[in-house]
Amino acid sequence: MSDAQSPLTPAMFNVLLALADGDKHGYAVLKEVAEQTPGEVQLSTGTLYGIIKRLLADGLIVEVRRHPAIENDDQRRRYYHLTDTGRGVALAEAERMEKLVARARSKQLVRALKPV
Amino acid sequence: MPKSRLPFPDRVYAALLRILPFEFRLEFGSDMEETFRMQRVETAREHGFPALLRMWWATIADIVRMAPREHASVLWQDVRYALRMMRKNPGYTAAAVMILGLGIGVNTSIFSAVNSVLLKPLPYLNGDDLVVLRQRGSRMSVNLGVSVPEINDYRQRNRSLTGLVEHHSMTFTLLGRGEAHRVRAGVVSAGFFDLFGVKPLMGRTFVPDDDRAGAPPVLVLSYEYWKTTEGGDPNIVGRVFQMNDKPHTVIGVLPSIPQYPNENDVYMPTTACPYRSNPKTIESRDGRMMSVFGRLKPGVTMDQYRSDMAMIAEGMKRDNPKFYPDEMGFQTAPSALRSDLTTRARPMLFALLGAAAFVLLIACANVANLMLARMARREQELVIRTAVGAGSGRLLRQLLTESLVMALLAAGIGMLFAAGSIRLLAQFAGQLTPRAREITIDGWVLAFAIVCASATTIVFGSVAALYSRQDVASGLKEGNRAGTEKSRRFVRSLFIAAQVAFSYVLLIGAGLMVRSLIQMNRVDVGFTPQRVLAVTFDRNWSKYNSAEQLRAYSKRLLEKVQSQPGVLLAAVSDSFPLDPEMMDNGPRRFVVEGDARPESEWPPVKSIRLASPDYFRTLGIPLLAGRAFLESDTEDTPHVAVINRALARQAWGNADPVGRRISFDEGKHWFAIIGVVGDTKEFGLIRETPFQLYGADAQSPDPNSVLVRTAGDPEAVTNLVRRAILDVDPETAIAHVETLEQARADSVAEPRTTTRMFSLFAVLAFLIALAGIGSMLALWVRQRTREIGIRMAMGAKPSNILVTVIRQGMLLVTIGLAAGYLGAVALTGFIKTFLFQVEPTDVATYATVSALLLGAALLACYLPAMRAARIDPQVALRCD
């Protein structure tokens with residue numbers, strides 16, 4: 001059994017998305033996921049770091065030593081960076097979803113959905 | 001910030017994180033704490049207290065949910081790593097797994113017997129309430145059965161049992177189905193099967209009407225007999241068998257259950273048995289042949305049951321003093337059926353389990369040594385792993401996982417070993433208990449193997465792990481390294497000495513048993529068993545009703561057998577020495593003509609043999625005085641008897657007993673003593689010679705066996721003798737054919753098997769220990785190649801090196817031997833009951849075993865020592 005072959009869960013995808021526009025520390029990721037998916041993806045510290053461990057092991061993210069220049073930044077915080085592989089995986093997942101939505105649209109299913 | 005100065009909520013969170021694996025915390029712990037702190041502060045500030053509570057709840061639930069997954073992931077990682085390490089060291093892995101597998105296997109197989117025979121409840125309805133009632137003549141050391149009048153007394157007078165049933169086994173000849181064949185019949189009272197809670201597979205079992213006088217004879221077949229002999233015929237119920245001159249109707253078939261107290265082919269009610277239904281048997285208070293079983297009333301304890309039976313026995317003695325003479329020491333011997341069935345097996349199985357535990361201890365010590373030796377080689381790896389951040393807890397867990405994986409593999413091998421040895425074990429235990437056929441491998445046995453594996457993991461895994469921690473610490477500080485190596489060597493030495501000590505104890509145990517067996521084989525049986533064939537048979541009961549008929553039959557039989565080619569001498573008798581089917585009928589008392597002394601002052605005769613004239617010559621029993629039986633001793637001449645030397649000595653001292661007349665029925669019938677013969681071992685090699693009397697077969701005929709002394713191999717005439725017996729009467733069932741040498745060998749089958757099992761364990765343990773000594777010295781030599789090279793370059797001779805290495809090994813062996821000696825002296829008392837004419841402190845055994853152990857150990861030390869002595873200093877100095 002290899003972690004690399006395990007499917008990308010919605011929570012993992014959201015963590016990758018949160019890192020897509022820049023390196024972030026754990027709490028920033030947690031906060032962004034909560035803001036972007038209100039009520040949909042519930043992340044707590046345990047699950048978040050479980051996901052980070054897996055993404056690190058699969059090489060989708062790496063820890064960066066260079067911290068962004070933020071005021072009052074605690075030097076002990078660890079920042080994570082989306083690797084090219086991670087970006088590729090996130091992109092592939094987004095495309096897969098897009099195709100799915102396109103198919104749903106072609107079947108006129110989407111119209112039946114309530115607007116969010 | 002130190003943890004103690006953290007705000008309380010953050011300290012709670014930090015504590016919560018402790019349920020996650022150590023490595024996870026090491027990697028992400030402080031980051032998680034920081035993230036949580038920020039989340040907590042911001043939630044409280046922006047969303048208020050209820051949101052904070054919700055956040056706490058979600059956080060706690062989340063961590064509790066993820067912890068098992070993280071632990072499993074670490075364990076899986078460890079297991080994969082362990083398997084990788086094992087694949088990298090196939091030699092070490094195979095050796096360790098095999099040694100542990102053997103240790104666990106030996107224990108698991110013995111445990112399967114202990115479990116099935118001693119621990120499991122009886123396979124009957126409320127089996128723990130079943131009791132057995134025996135009687136004893138304690139002053140004569142004899143076990144007695146129970147007679148019919150006694151059964152009636154117990155049945156009527158007891159207040160502790162809900163039911164009381166009887167059982168005895170007889171063999172009968174079944175006719176009309178090809179060659180007459182012998183069936184073992186269990187004769188039982190009605191309610192026997194109900195008492196045990198056995199429901200028939202087909203038809204019905206016995207009801208009270210079947211057991212009334214004059215009821216038509218009926219049979220219940222055992223499952224095995226129905227399957228093998230009747231081919232599982234579904235229409236068997238209602239079929240009629242011819243037996244004892246009467247038609248017997250099959251009324252039912254039993255399910256496949258273990259049959260107690262012994263296995264029978266068929267069962268019949270007491271009224272169908274010609275012996276049991278005979279008025280003489282029914283009235284005879286001293287015809288004690290039956291076994292009696294009962295079921296305790298609810299709430300009655302074993303003690304209450306015992307005192308109830310003792311009270312009834314007192315009453316019987318009071319009412320019928322003639323049948324319970326004081327010198328007999330009559331008493332009841334009631335016990336729970338469960339313990340009664342396993343009395344003989346219990347000490348043996350526990351002794352073997354003890355021996356097996358020693359084998360496992362030795363295997364553990366050996367594998368721990370192998371592991372320590374390997375640790376020395378893995379030191380570098382462990383140091384590097386620590387340097388890259390693996391905590392000591394992580395390493396400990398990794399090493400324990402490796403041990404566990406290995407132990408589980410070994411448990412698998414152990415289970416295979418146990419499964420393979422089950423038949424042998426059942427055969428062995430079958431000599432001691434009827435429950436042997438229940439021996440199986442079940443969940444408990446599997447659990448036992450896993451417990452063994454886990455225990456060994458803890459033993460050898462912790463030792464290795466403990467020393468690995470020191471390695472790591474000292475590996476980083478070069479100065480400490482020598483100290484660690486020294487203490488590790490000390491522990492390894494301790495393990496070697498322990499292995500020697502344990503195997504010495506086992507070897508002494510085995511040695512004592514072997515000595516005891518030799519003593520048994522040296523016993524003079526009093527006859528010459530070589531080239532004598534004994535054939536036991538059952539004649540058709542119903543055909544020979546009078547002494548006249550029996551006498552004629554006996555005469556024809558003898559003439560026919562004597563005329564066979566290859567037969568030198570032949571005799572007919574009711575039994576023969578060491579006959580496995582011989583029944584001990586209890587002692588008989590006599591009075592002497594012209595001597596006023598009462599019966600009680602004469603020695604009790606424990607064996608009465610009825611034999612034809614050539615019996616003594618055929619068996620090679622020496623005639624010491626007077627004469628043997630002659631053809632002229634017939635039914636028309638006065639009854640004569642020959643006695644053995646033991647009886648002659650005991651009764652008449654140095655006076656000549658020939659010419660005396662004795663009576664067993666207070667003077668109604670007299671036997672004139674005509675001769676004295678040598679003593680023979682009748683009931684077994686280790687039982688004392690009984691006071692014995694021989695009667696003439698022509699005067700009291702009861703032919704049950706034919707004895708033949710042959711010119712050549714007795715087995716060669718087997719078929720001729722069989723044919724001769726069947727020619728005389730085709731309705732005879734041949735029961736048993738064996739040479740007296742076989743009978744002699746079979747009489748020690750039980751101690752022989754025990755000795756073999758014990759010796760096997762001892763040798764196994766010893767070989768493991770020897771391999772341990774050899775491999776430790778080999779490692780010692782390898783680690784000192786450079787040092788030895790230097791010493792040789794400085795002028796040390798190969799012989800000096802040889803002596804140094806051997807001294808290293810033999811010092812440990814000697815220490816182990818000394819410890820083992822103390823252990824053996826303390827423990828061999830436990831096997832005293834298995835020994836015959838050998839003291840548990842037998843000097844010869846201790847000396848032989850010590851010499852053997854020292855010699856073998858010397859050889860084990862010699863091989864690595866030779867390698868050390870052959871080291872080339874040039875090459876050695878270039879070594880690291």
Exactly one of A/R87, A/E95, A/E93 should register a side chain to side chain contact (heavy atoms under 4.5 Å, CB included) with A/L91. Which one does?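 Of A/R87, A/E95, A/E93, side chain to side chain contact (heavy atoms under 4.5 Å, CB included) with A/L91 is met by A/E95 alone.
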
From A/L17, A/I51, A/I52, residue fulfilling side chain to side chain contact (heavy atoms under 4.5 Å, CB included) relative to A/M12: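 Option passing the side chain to side chain contact (heavy atoms under 4.5 Å, CB included) with A/M12: A/I51.
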
Give the interface residues of residues 39-48 of chain B toward chain A, defined by a heavy-atom separation under 4.5 Å.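 Under the 4.5 Å heavy-atom cut-off, B/Q39, B/E42 qualify.
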
Those residues that, when tested against B/Y13, pass side-chain hydrogen bond (donor to acceptor under 3.5 Å, both in side chains) (two or more places apart):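 side-chain hydrogen bond (donor to acceptor under 3.5 Å, both in side chains) list for B/Y13, sorted by chain: A/T45.
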
The criterion is side-chain hydrogen bond (donor to acceptor under 3.5 Å, both in side chains); which residues satisfy it with A/D21, sequence neighbours excluded?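 Listed in chain order: A/K24.
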
For B/F24, what residues pass the ring pair (Phe, Tyr, Trp, His ring centres under 6.0 Å) criterion, not counting sequence neighbours?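 Scan of B/F24 (ring pair (Phe, Tyr, Trp, His ring centres under 6.0 Å), adjacent residues dropped) gives B/F28.
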
Which atoms of B/M66 come close to chain A, meaning under 4.5 Å heavy atom to heavy atom: side chain ones, backbone ones, both, or neither?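 For B/M66, the contact with chain A is made by the side chain alone.
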
What are the two closest heavy atoms between A/H81 and A/D23, and how far apart are they?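 In terms of heavy atoms, the two residues are closest at ND1-OD1, 2.6 Å.
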
Closest contact, heavy atoms only, B/R25 versus B/L17: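 Smallest heavy-atom distance, with atoms named: CD-O, 3.1 Å.
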
Of the listed residues (B/R69, B/R65, B/E27, B/M55), which shares the most heavy-atom pairs with chain A below a 4.5 Å separation?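 Greatest number of close heavy-atom pairs with chain A: B/E27.
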
